[in-house]
Amino acid sequence: MIILASNSPRRKELLGGLDMEFRTWVIPNIDESYPDTLKAEDVAEYIAQKKAIPYFNDEHMEAVDDDDIVLTADTVVILDGEVMGKPKDEEDACRMLRRLSGKTHHVITGVCLRTKTKTRHFSVKTDVTFAHLTDEQIQYYVAKYRPLDKAGSYGVQEWIGYVGVTRLEGSYFNVMGLPVQRIYEELKAF
């Protein structure tokens with residue numbers, strides 16, 4: 001059984017698209033901090049591994065069967081070497097989108113597949129280029145779609161992706177939050 005350790009409706013939808021049986025289970029308040037010395041490109045994979053640890057501690061170990069695979073993931077947006085996480089508020093979301101406007105950034109999703117006896121982890125990177133966005137477009141998107149739960153303050157599958165993304169190199173689904181093709185390959189190898 002695959003256990004998706006995420007409440008994200010996008011991740012549930014994407015994993016469901018693989019036609020594999022899975023259930024969701026989320027342990028609340030998992031620490032997602034990372035060392036300041038970590039390279040931006042390594043942050044998502046580091047956090048994905050960190051998210052998996054509580055599922056295998058003494059308190060929760062009995063809820064995981066021997067052949068269960070816990071899948072944890074974390075997605076970050078990186079612009080000019082800086083990790084852009086989830087915005088604090090609408091003003092912060094607008095600020096992030098202004099920074100992304102007219103530029104290419106990286107979206108990296110780190111994934112950890114873990115059982116009681118083994119672990120595999122990896123990252124997938126996609127380059128995304130935005131057109132120049134007007135303040136009106138940014139304000140409209142943030143007010144209507146409220147992307148406060150999204151790294152970099154946007155969902156590529158929403159209006160801003162339709163009107164703003166001019167180029168995407170890599171996995172579209174990775175930008176949505178789960179590189180399902182790579183996960184499928186990794187699960188087969190697992």
Side-chain angles (χ1 to χ4, degrees), residues 1-35 37-78 83-86 105-128 147-152 154-158 161 168-190:
M1 173 64 73
I2 298 169
I3 299 171
L4 176 63
S6 175
N7 276 327
S8 165
R10 291 166 301 282
R11 287 190 176 132
K12 290 175 191 174
E13 174 189 350
L14 291 170
L15 190 59
L18 292 178
D19 289 341
M20 294 180 182
E21 201 174 315
F22 72 93
R23 67 181 173 99
T24 58
W25 175 29
V26 179
I27 296 173
N29 304 316
I30 292 178
D31 177 23
E32 296 185 23
S33 63
Y34 57 90
T37 56
L38 200 59
K39 290 183 356 188
E41 293 79 17
D42 298 332
V43 168
E45 192 169 335
Y46 175 90
I47 294 173
Q49 291 175 77
K50 191 173 181 179
K51 285 179 176 180
I53 294 169
Y55 292 86
F56 297 91
N57 68 21
D58 292 339
E59 181 182 355
H60 302 291
M61 183 74 91
E62 290 180 18
V64 179
D65 291 336
D66 289 342
D67 58 349
D68 286 346
I69 300 171
V70 175
L71 188 161
T72 54
D74 192 73
T75 302
V76 297
V77 169
I78 300 172
V83 174
M84 299 174 80
K86 297 174 185 173
H105 62 276
H106 309 298
V107 176
I108 299 178
T109 300
V111 177
C112 182
L113 302 172
R114 184 168 174 177
T115 68
K116 287 183 177 180
T117 58
K118 64 183 181 176
T119 303
R120 288 178 81 101
H121 51 86
F122 56 90
S123 293
V124 174
K125 180 177 93 166
T126 305
D127 293 335
V128 180
L148 304 181
D149 63 336
K150 295 173 176 63
Y154 77 93
V156 70
Q157 72 281 5
E158 297 173 339
L168 193 142
E169 189 173 332
S171 168
Y172 173 79
F173 299 116
N174 184 55
V175 182
M176 284 181 66
L178 207 60
V180 286
Q181 189 279 330
R182 175 74 183 271
I183 288 171
Y184 180 75
E185 295 300 323
E186 294 285 343
L187 285 170
K188 286 193 321 184
F190 207 64

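Predicted, not measured: the structure shown is a model, and the values here were computed from it. Numbers here simply count residues along the sequence, with the first being 1.
- Here the shortest heavy-atom pairing between L15 and L4 reads CD2-CB, 4.0 Å.
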>> Could you walk me through whether Y172 and M176 satisfy the side chain to side chain contact (heavy atoms under 4.5 Å, CB included) test, starting with their C-alpha distance in whole Å, then the side-chain angles of each, then the deciding distance to 0.1 Å, before giving a yes or no?
In response: CA-CA 7 Å; Y172 173 79; M176 284 181 66; 3.5 Å; yes
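- Listed by first then second residue, pairs satisfying ring-ring contact (aromatic ring centres under 6.0 Å, His included) with a partner in residues 46-74 read W25-Y55, W25-H60, not counting sequence neighbours.
- Partners of H106 by ring-ring contact (aromatic ring centres under 6.0 Å, His included), not counting sequence neighbours: none found.
- Scanning all heavy atoms of the two residues, the minimum distance from S8 to S6 falls at N-OG, 3.0 Å.
- A search for salt bridge (Lys or Arg N to Asp or Glu O under 4.0 Å) contacts involving E45 returns nothing, not counting sequence neighbours.
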>> Set out, in order, the CA-CA distance, both residues' side-chain angles and the distance that settles side chain to side chain contact (heavy atoms under 4.5 Å, CB included) for R10 and D149, then state yes or no.
In response: CA-CA 12 Å; R10 291 166 301 282; D149 63 336; 3.7 Å; yes
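- In this structure, the side chain to side chain contact (heavy atoms under 4.5 Å, CB included) partners of I53, at least two apart in sequence or on a different chain, are R114.
- Here the shortest heavy-atom pairing between L168 and T126 reads CD2-CG2, 3.7 Å.
- Taking the salt bridge (Lys or Arg N to Asp or Glu O under 4.0 Å) definition, one finds that D127 meets it with nothing, sequence neighbours left out.
- Remark: R11 engages no residue in a salt bridge (Lys or Arg N to Asp or Glu O under 4.0 Å) (not counting sequence neighbours).
- E169 pairs by the side-chain hydrogen bond (donor to acceptor under 3.5 Å, both in side chains) definition with R167, not counting sequence neighbours.
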>> Under the criterion side chain to side chain contact (heavy atoms under 4.5 Å, CB included), I'd like the reasoning laid out for I183 against F190: C-alpha separation, chi angles, the key distance, then a yes or no.
In response: CA-CA 10 Å; I183 288 171; F190 207 64; over 6 Å; no
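- Residues satisfying the side chain to side chain contact (heavy atoms under 4.5 Å, CB included) criterion with Y184, sequence neighbours excluded, are L18, M20, K188.
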>> For a side chain to side chain contact (heavy atoms under 4.5 Å, CB included) check, start with the C-alpha distance between V111 and R182, then their side-chain angles and the critical distance, and finish with the verdict.
In response: CA-CA 10 Å; V111 177; R182 175 74 183 271; over 6 Å; no
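- For D31, the salt bridge (Lys or Arg N to Asp or Glu O under 4.0 Å) partners are K50, not counting sequence neighbours.
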Let me check something: any side-chain donor-acceptor pairs from residues 62-73 under 3.5 Å, sequence neighbours excluded? List them with distances.
{"residue": "D66", "atom": "OD1", "partner": "K116", "partner atom": "NZ", "Å": "3.4"}
{"residue": "D68", "atom": "OD2", "partner": "D65", "partner atom": "N", "Å": "2.8"}
{"residue": "T72", "atom": "OG1", "partner": "A48", "partner atom": "O", "Å": "2.6"}

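- The shortest distance between side-chain heavy atoms of M84 and H105 does not fall below 4.5 Å.
- In plain terms, the two heavy atoms of G177 and T109 that are nearest each other are O-CG2, 3.6 Å.
- Every residue two or more places apart in sequence or in another chain was checked for a side chain to side chain contact (heavy atoms under 4.5 Å, CB included) with K86, and none qualifies.
- Applying the side chain to side chain contact (heavy atoms under 4.5 Å, CB included) test to E13 and every residue at least two apart in sequence or in another chain returns nothing.
- Taking the side chain as every heavy atom from C-beta outward, Y154 and V175 approach each other to under 4.5 Å.
- D74 places no side-chain N or O within 3.5 Å of a backbone atom of I47 that could act as its donor or acceptor partner.
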